[in-house]
2 protein chains.
Amino acid sequence: MDRITLAHGDGGELAHQLIQQVFVSYFHNDAYAKFDSALFHIENGQLAMTTDSFVVKPIFFPGGNIGKLSVAGTVNDLAVSGAIPKMMTCSFIIEEGFPIKDLKQIVHSMAEEAKKANVQIIAGDTKVVERGSADGIYINTTGLGIVPQPLTASIQEGDSVIISGSVGDHGIAVLAARGELGLMTHLESDCATLYPMISAAMKASKNIRIMRDPTRGGLATSLVEICEDFQVTIELEEEAIPLKREVQGACELLGFDPLYLANEGKVVLIVAKEDEQNVLDAIRSFPEGKEAAVIGTVRSTEKGQLLLRTPLGTTRRLYRLSGLLLPRIC
Amino acid sequence: MDRITLAHGDGGELAHQLIQQVFVSYFHNDAYAKFDSALFHIENGQLAMTTDSFVVKPIFFPGGNIGKLSVAGTVNDLAVSGAIPKMMTCSFIIEEGFPIKDLKQIVHSMAEEAKKANVQIIAGDTKVVERGSADGIYINTTGLGIVPQPLTASIQEGDSVIISGSVGDHGIAVLAARGELGLMTHLESDCATLYPMISAAMKASKNIRIMRDPTRGGLATSLVEICEDFQVTIELEEEAIPLKREVQGACELLGFDPLYLANEGKVVLIVAKEDEQNVLDAIRSFPEGKEAAVIGTVRSTEKGQLLLRTPLGTTRRLYRLSGLLLPRIC
């Protein structure tokens, strides 16, 4: 049998075989339970929990696939919350007829990516829907982490805003892979597990106020949320924001703003000015952080506005992403 | 705006409004975070974690809807593992064009059901896919619970098998609601949060060996799994298994075996013989457990077989569900 059938989702014999032959064989984990939940022990403390469903189209794209993305995305959400990622569940909604070899490749990528962050995939679920009721495969991952020392989020005037690398790579790579835009590019998605890099940054400074991974909605939307949530005003220097030539070119061609394009392997940090260099050094010591840069400053601790200073010296206010339709980017 | 658009899933302004107006307003919870993960404190101990995606068709059915089911299903998976359900995440994949009033009704049901188990919904995610790339709405829930005292799973010869009520109600109610079978019935799904009842059963006996909620694959598949996992042989008494007349009638008409039909509000327990009556009394004190019955006995602690003794006195072996196609039952 080389394709998923409805019977793979009915909880019976074929479902049992699929779990054994695909999920257990790649995720091999003792927590795969004789109970209806995975059981594990955790020490007294602060936990972080986050969930994301992934519907990216196409499923395989330069630099990754939906499986790699689903693990990296959830690991990163934990990491930017100051957590050490520990456990993850994964749940699949699969369209009848989906090739089992593609499923194996996706699950293999998930296992590889989980290893990079030392995360255990401890529980799962598979549902199969009829042909035409999903587009190939959708994956949910939910992560649990331990927070040794919560971020203070006490953002102060003069704090520096750092991005770990160029913006918009994932957005343009995925759009190009759809083949709908007549766009040819060698650009790869930045899809990556950032926990090791973020952990190094946190060791380099006790004054990281807050972090975000600017996925859907892009760098601008992530920073607008920070500005609103904490009522601080941030000014970005447009020229300081790292941008790959291919992304810039595609944006000019297609009328996109790279500040609103999705990233899947970047972190934006707000850090005390005096720790700026330490954090930059730590991040730049990782391949995925080589292009890290200071891109802005916290201008005041009121008003809650995100401002962009252009190369011409003018300043404009940025808002949340609004009406730019890039469905199924993650 | 009365329908979900692609822009509700882009992480921008409309997504923000949807989160505020629907999810935060129903789930209102402080853990809805200024961080990318929900943060909470937990005491030193054993945890249980479980995940499920729900794709039930139709979304609204007699006795429940996909929202109620998605919370009850995950609460029950925690409860049968001996856990006290504490936290839950929920993640939505919604088809473009889905009515926002239906979404509100679903989210309202989730909030109501979470209250019954005293579970906090602490994090969420929404993805929107184009028309035709999903069938209305799919929901993932992932639950986290605390396990005060793990079940021993030390099943012994002579132990009793108890079911909390009639089997197959959910399966037949959902099939009938699809309107494809020409079946008219007043039968409702048994969809229910069982934590309070299970908690009472655990207080009534320290000798509950193991529990399962027999969902997909039905009572027979759940018990086959127990028999195989723990290498015990169980003999069921066919006549003792509670069965509603409507379910029996529908099964005779359609050629289904009720032992393989999904339940969403039942628990099967293996209990020391001497505690049988205590556990029955505890379960029967709840409306959803009134029809609880002893349905079988552990015959030996080897071989790993599930046997069914028929009213005629013959015994046949039962296997996992195999080839009975009831897609999207949960």
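Since we're looking at a predicted model, the values are computed, not measured. Residue numbers begin at 1 in each chain, while the letters A, B, ... track the order of the sequences.
- Although no hydrogens or angles enter the test, the distance criterion places no donor-acceptor pair under 3.5 Å between the side chain of B/Asp213 and the main chain of B/Val267.
- Here B/Glu130 pairs with A/Lys57, A/Arg328 under the salt bridge (charged side-chain N to carboxylate O under 4.0 Å, His left out) rule; sequence neighbours left out.
- Top candidate by heavy-atom pairs under 4.5 Å with chain A, chosen from B/Ala48, B/Ser53, B/Ala262, is B/Ser53.
- Only the side chain of A/Thr221 comes within contact range of chain B, with at least one heavy atom under 4.5 Å from a heavy atom of that chain.
- Proximity to chain B is limited to the side chain of A/Ile93, based on heavy atoms less than 4.5 angstrom apart.
- When side chains are defined from C-beta on, A/Arg209 counts as touching A/Ser154, because their heavy atoms get closer than 4.5 Å.
- Every residue meeting the salt bridge (charged side-chain N to carboxylate O under 4.0 Å, His left out) condition with B/Asp52, not counting sequence neighbours, appears here in chain and number order: A/Lys127.
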Before you tell me yes or no, could you show the steps for B/Met49 and A/Thr142 under side-chain contact (heavy atoms from CB on, under 4.5 Å), namely the whole-Å CA-CA distance, both residues' side-chain angles and the distance that decides it to 0.1 Å? CA-CA 10 Å; B/Met49 194 170 177; A/Thr142 301; 4.3 Å; yes

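- Highest contact tally toward chain A, considering only B/Thr74, B/Leu144, B/Thr5, is held by B/Leu144 [criterion: heavy-atom pairs under 4.5 Å].
- By number of non-hydrogen pairs under 4.5 angstrom with chain B, the leading residue of A/Asn140, A/Asp135, A/Val224, A/Leu14 is A/Asn140.
- Interface residue A/Val147: only side-chain heavy atoms are found under 4.5 Å from chain B.
- Heavy atoms of A/Thr126 lying under 4.5 Å from chain B belong exclusively to its backbone.
- The greatest number of non-hydrogen atom pairs below 4.5 Å with chain B, out of A/Gly82, A/Gly45, A/Ala134, A/Ser91, is found for A/Gly45.
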